[in-house]
Amino acid sequence: MDSKDQDKDSLYLKLIPYFEKYGILLLLVIMIVVMHFLQPDVFLSWRNVTNVFKQISWQSMLALGVFMVIVTAGIDLSVGSIMMLSLMILAIVAKAGAPWYIVVITPLIAGFLCGLFNGLGITLLRMPHPFIMTLGTLYIFRGTGNLISGGTPISGFTDEVRYLGHGRIDLTWLGLEKSQYLPVSLVLIAIVYIIFWIFMNKTRTGKWIYAIGGNPNAARASGINVNKILVIVYSLCGFLSGIGALILAGRTDSGYPNAGLQSELDAIAACIIGGASFFGGRGTVLGVFAGVMIMGILRNGLNLMDVSSFWQQVLIGSIIVLAVYVDVLRRDFGTRK
Amino acid sequence: MSSANQLLLEAKNVTKYFGTITALENVNLKIHAGECLGVVGDNGAGKTTLMKVLSGLYKPSAGSLHFEGKEKVLESPRDSQNLGLEMVYQDLALAGNLPIGENIFLGREPTTNLGLLKFLDYKKIKELTEAHLGKLKINVKSADQKVEELSGGQRQAVAIARSTAFNAKVVIMDEPTAALAIKEVGKVLDLINSLKKNWRRRNCDQS
């Protein structure tokens, strides 16, 4: 009897780390099942599922960038503005008649440089917190985007430029119907997330990013050039925002002044729902993906059920608080041994 | 000639200012191989500052450091590590979110290189960690255990294990038994004693 109880106990304790790692996926699966029962005909249809992925495509890039920053115990409030500025530069370069391969690269370079600017500002100017630097650049980048475009939308890109955000991979050779295509943006999300999963978990730089978030003094004392790693992280975050701009250009066929407005908050929310800790050092790429999916499915599901967008705001806010509270409870269970 | 007398580390007229505060003034220190030296002083006497200057975490405002007779300028703790000088910090300088092994090898991880990318060799880290912990008779559940799950004494043991994992010539320990329970103090002192037999030089800072 006693040993049985112990077995049960140790099984429970063994499950805790798995719950920590995959608990958020469980929430995602529950949401999908619930939505399926609420909207059995529509929700899991090919059209709707690809639609969800198309809707989260650019947000998922911002969230991934912000996630790496949050792992270092930092914050990047400027990702929405970086995306908007990169999008505007792309639009201007496209309108100037540059060939598509130049147009496609410009937002990536612009995003990277914006991120580099953030990183250098935080480290060289010795800002007391990344919040301040990126709050400043939130205004600077969006203002610059409006300055160079005159604050008006610039529309009309070629198909090559729109490919990543708008392209379709035909699956009729698999015996599927013409409407059952694979959005290129879905494939892009998968590739980018796999690359960054490898980067964060398998490479030395990724390990150092986690170490800086865990204890920056330990990282410094171990001879890690903390400032250099921070500059790399913010630059990569900007680069991912640039990819987001490229996807958005494809989706909307337009560079417009309100692009990515408040999307930095969505990105932060996705990271928090996905289990990343604001204190740094904690969180997984898989968790961020789940966080982005949860927000995307929630919006999509509520739209399908004709729930007003005001309720969506209330629900997403509640999920943020609930997700973190579940995390607090989990920690309690984890320590009461 | 006995290597025990060899001069390893010498600080000449080391001075360190923090703003208007003079933390160290003209400190001279000689450390020979095989020697165990304790630095004693009041709170705020500058013991920790001196240790951090020796390890390269702080740059001295004036004066110089000589290692095995040659003057060295330490730009970062990496430089002192490369010279064979290891430091155990008072706040331990461990990343709680990382496992024991990754803390021991933090900054010096064995890697497989693929162009610019350096991939961690997790298997080697685990093997080396287990072997090293075994050699020092440090008992932990597993090398994969996160440091934040360890007791104060175990953490101290991990910090000491890190300082001895790379054939250090000089090990500096800053208050190695501060903030520990009496039982754990005994364990850490045992560990230091067992090190003394194996290692050439140690320098403890204990007030």
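- In this structure, the separation between CG on B:D91 and CG on A:N215 is 7.0 Å, given to the nearest 0.5 Å.
- Within 6.0 Å of atom CZ in B:F18, more than 12 heavy atoms from other residues, nucleotides or ligands are found, so the atom counts as buried in its surroundings.
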Report task. Take A:K207 and B:E109 through the test salt bridge (Lys or Arg N to Asp or Glu O under 4.0 Å) and record every step on the way to the result. Result -> CA-CA 10 Å; A:K207 187 57 64 188; B:E109 295 91 344; over 6 Å; no

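- A:Y210 approaches B:N97 most closely through the heavy-atom pair O-ND2, 3.0 Å.
- The number of heavy-atom neighbours closer than 6.0 Å to OH of B:Y89, taken from other residues, nucleotides and ligands shown, is above 12.
- Only the backbone of A:N201 has a heavy atom closer than 4.5 Å to any heavy atom of chain B.
- Other residues, nucleotides and ligands contribute over 12 non-hydrogen atoms within 6.0 Å of the NZ atom of B:K126.
- Taking each heavy atom of A:A211 and B:L98 in turn, the nearest pair found is CB-CD1, 3.8 Å.
- Inter-residue side-chain proximity for A:R204 and B:F105 is flagged as unmet; no heavy-atom pair is nearer than 4.5 Å.
- There is no contact between B:E75 and chain A, counting heavy-atom distances below 4.5 Å.
- Atom CG of B:L116 is surrounded by 12 or fewer heavy atoms from other residues, nucleotides or ligands within 6.0 Å.
- Note that OG1 of A:T203 and CG of B:N113 are 11.0 Å apart. Values are rounded to the nearest 0.5 Å.
- Scanning all heavy atoms of the two residues, the minimum distance from B:A93 to A:N217 falls at CB-O, 4.4 Å.
- For A:L124, the CG atom is densely surrounded, since the number of other residues' heavy atoms within 6.0 Å is greater than 12.
- Residue with the most contacts toward chain A among B:M87, B:E102, B:K118: B:K118 (heavy-atom pairs, distance under 4.5 Å).
- For chain A, the option among B:R108, B:K52, B:Q81, B:R162 with the highest count of heavy-atom pairs below 4.5 Å is B:Q81.
- Proximity to chain A (any heavy atom under 4.5 Å) is restricted, for B:L94, to the backbone atoms N, CA, C and O.
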